[in-house]
Amino acid sequence: MTAEYLLRRPRRLRRSSLLRDLVGETSVEARHLVQPHFVLPSASGREPIASMPGIERLGVDELVKQVGADLELGLRSVLLFGLAAPGEKSPRGEASAHADGAVQRGVAALKREFGGELVVMTDVCLCAYTDHGHCGVLEAGAVLNDESLPLLADMAVSHAAAGADVVAPSDMMDGRVRALRDALDAGGFSDTALMSYSVKYASAYYGPFRDAADSAPGHGDRQSYQMDLRNAREAEREARLDEAEGADVLMVKPALAYLDVIRRVREASDLPLAAYNVSGEFSAVKAAAERGWLDEPRVVRENLLAMRRAGADILITYHGREALQGGWL
Ligand code: PBG
Ligand code: ZN
């Protein structure tokens with residue numbers, strides 16, 4: 001007689017990789033991945049980013065080459081961030097909506113070259129274009145909400161006009177999803193989708209990104225608009241508001257320190273959900289791997305699986321290219 005407690009043996013299904021594959025609950029596939037890019041306001045150029053090994057700022061021609069190579073790997077979605085041209089930053093960041101800006105030119109070039117083979121998403125935020133580095137209009141030390149909305153809407157419309165498939169506001173102003181949706185529809189872009197950075201925390205994990213995009217605030221921090229790290233209930237509220245305002249896709253950012261939040265938002269809304277595996281999460285893995293302290297391929301797979309297991313559909317990650325190249329998934 002088998003002892004009662006040994007009748008159930010979960011190890012039976014772990015005996016071989018075939019059995020494990022048969023019952024594996026979650027997977028990360030190329031189709032889930034979005035590769036972010038930093039676009040220079042020039043045709044050529046490739047600039048390494050010291051704090052993000054393997055990631056470079058790319059001129060528009062270089063961007064097209066890189067995305068072409070990535071498409072061969074099966075990486076078919078990109079998220080573009082723009083850099084301002086020298087002398088172009090201003091108090092209100094109007095250059096963010098210029099038709100000849102880095103992102104606008106990058107989107108047009110990618111769509112010309114790859115058309116329907118590629119999903120082009122763009123980040124919508126003023127911080128790389130304001131001279132103070134805040135994500136909205138700054139007045140007497142305060143970031144003004146409603147005054148920032150028309151600027152963000154202009155930026156989103158300029159991306160849509162260039163051919164973006166998805167615009168993604170990351171500024172965290174209240175009501176911006178509705179403001180962007182209205183402006184897009186009024187501009188004849190009712191088919192352009194909107195992925196909202198709905199649940200974006202005032203995280204220290206954005207450090208390397210701010211070097212990459214030259215978008216760090218000159219004074220102060222972003223705690224008056226990005227979410228308080230202590231809050232999870234509030235995440236559901238932000239998600240519900242964005243859904244009501246017309247978002248097509250929701251996002252939680254960062255990802256790894258917020259897996260509980262991904263799960264909560266997953267359960268609070270049935271919209272597709274993205275997780276943003278941010279720059280600091282990427283760089284921490286890179287730094288440890290460079291020292292030989294972590295096995296990078298296995299850690300990256302583990303991290304990406306964690307985001308999927310928590311409930312994310314879409315994974316925005318700087319690891320995308322190398323993960324597919326190396327067969328890490
Ligand atoms: C711009 C923006 C940031 C990130 C995405 N969009 C920086 C910030 O809010 O300070 C962070 C992405 C990353 O760290 O990889 N608002
Ligand atoms: Zn910003």
Side-chain angles (χ1 to χ4, degrees), residues 33-39 49-57 78-84 89 91-93 95-97 102-103 121-138 143-145 148-149 151-152 155-156 159 166-174 176-177 180 195-229 238 251-258 274-286 303-304 307 314-321:
L33 303 178
V34 179
Q35 181 79 34
H37 291 280
F38 299 100
V39 189
I49 300 157
S51 54
M52 301 182 73
I55 306 294
E56 297 166 301
R57 301 184 198 92
V78 296
L79 173 60
L80 304 188
F81 296 91
L83 280 104
K89 296 196 185 202
R92 298 168 64 84
S96 57
V103 167
M121 309 180 172
T122 60
D123 185 85
V124 174
C125 193
L126 303 180
C127 53
Y129 298 90
T130 51
D131 53 11
H132 45 75
H134 279 287
C135 301
V137 174
L138 186 68
V143 175
L144 303 182
N145 194 87
S148 303
L149 298 179
L151 290 151
L152 293 160
M155 184 178 187
H159 293 175
V166 182
V167 294
S170 67
D171 52 282
M172 289 303 278
M173 298 304 121
D174 292 331
R176 97 275 208 198
V177 169
L180 264 58
M195 173 170 75
S196 178
Y197 286 67
S198 307
V199 180
K200 177 172 174 179
Y201 287 91
S203 171
Y205 281 104
Y206 309 149
F209 173 96
R210 292 179 188 170
D211 296 338
D214 185 24
S215 65
H219 293 282
D221 54 38
R222 305 210 200 288
Q223 289 189 80
S224 78
Y225 42 108
Q226 298 180 349
M227 278 179 59
D228 192 300
L229 313 183
E238 284 281 9
M251 189 200 298
V252 173
K253 176 186 171 199
L256 291 172
Y258 299 88
Y276 198 143
N277 179 207
V278 299
S279 58
E281 297 176 328
F282 167 84
S283 299
V285 170
K286 280 284 178 192
N303 285 350
L304 297 178
M307 296 167 211
I314 300 167
L315 307 179
I316 304 169
T317 180
Y318 302 96
H319 293 294
R321 174 181 312 122

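Values below: every heavy atom of this structure, side chains too, minus hydrogens, waters and symmetry copies. We count ligands from 1, going down the list as the structure has it; atoms in each ligand are counted the same way.
His134 NE2 to Leu126 CG: the interatomic distance, rounded to the nearest 0.5 Å, is 12.0 Å. The OG atom of Ser215 lies 5.5 Å from the CZ atom of Arg222; values are rounded to the nearest 0.5 Å.
Among the atoms of Ser215, none of the N or O lies under 3.5 angstrom from an N or O of ligand 1.
Residue Tyr205 qualifies as open at atom OH: its count of foreign heavy atoms under 6.0 Å is 12 or below.
Atoms of ligand 1 lying under 4.0 Å from at least one heavy atom of Cys125, given by number and element, are 16 (N). Near Arg222, the atoms of ligand 1 lying under 4.0 angstrom from a non-hydrogen atom of the residue are 8 (C), 9 (O), 10 (O). Against a heavy-atom cut-off of under 4.0 Å, Tyr276 is close to the following atoms of ligand 1: 12 (C), 15 (O). For ligand 1, the atoms lying closer than 4.0 Å to a non-hydrogen atom of Cys127 are 1 (C), 16 (N). Shown in contact with Arg210 at under 4.0 Å from a heavy atom are these atoms of ligand 1, numbered in order with element: 8 (C), 10 (O).
Heavy-atom distances between Gln226 and ligand 1 reach below 4.0 Å in at least one pair. For Lys253, the closest heavy-atom approach to ligand 1 falls below 4.0 Å. Heavy-atom separations between Phe282 and ligand 1 are all 4.0 Å or longer.
Side chain of Ser203 to main chain of Tyr201: no donor-acceptor pair is present (N/O by atom type, distance under 3.5 Å, no hydrogens or angles). Checked by atom type and distance alone, the side chain of Lys253 never pairs as donor or acceptor with a backbone atom of Val278 at under 3.5 Å.
Using a cut-off of 2.8 Å, one finds that Cys127 contributes an N/O/S atom close to the Zn ion (ligand 2).
Considering only heavy atoms from C-beta on, Tyr276 comes within 4.5 Å of Pro36 through its side chain. Between Ile55 and Gln35, the closest side-chain pair of non-hydrogen atoms falls below 4.5 Å. Here the side chains of Tyr197 and Gln226 are not in contact, with every heavy-atom distance at 4.5 Å or above. No side-chain heavy atom of Met227 sits less than 4.5 Å from a side-chain heavy atom of Lys200.
When non-hydrogen atoms are compared, ligand 1 lies under 4.0 Å from the backbone of Ser170 as well as from its side chain. Here Asp123 has side-chain heavy atoms under 4.0 Å from ligand 1, and that is the only part of it that gets that close.
Annotation: atom 14 (O) of ligand 1 to nearest protein heavy atom, Ser279 OG, 2.7 Å. Atom 12 (C) of ligand 1 has Phe209 CD1, 3.3 Å as its closest protein atom, hydrogens excluded (heavy atom only). Among all non-hydrogen protein atoms, the one lying nearest atom 2 (C) of ligand 1 is Lys200 NZ, 3.4 Å. For atom 15 (O) of ligand 1, the nearest non-hydrogen atom of the protein is Tyr318 OH, 2.6 Å.
Geometrically, Lys286 does not engage Tyr318 in a cation-pi contact, judged by NZ or CZ lying under 6.0 Å from the ring centre and within 45° of the ring axis.
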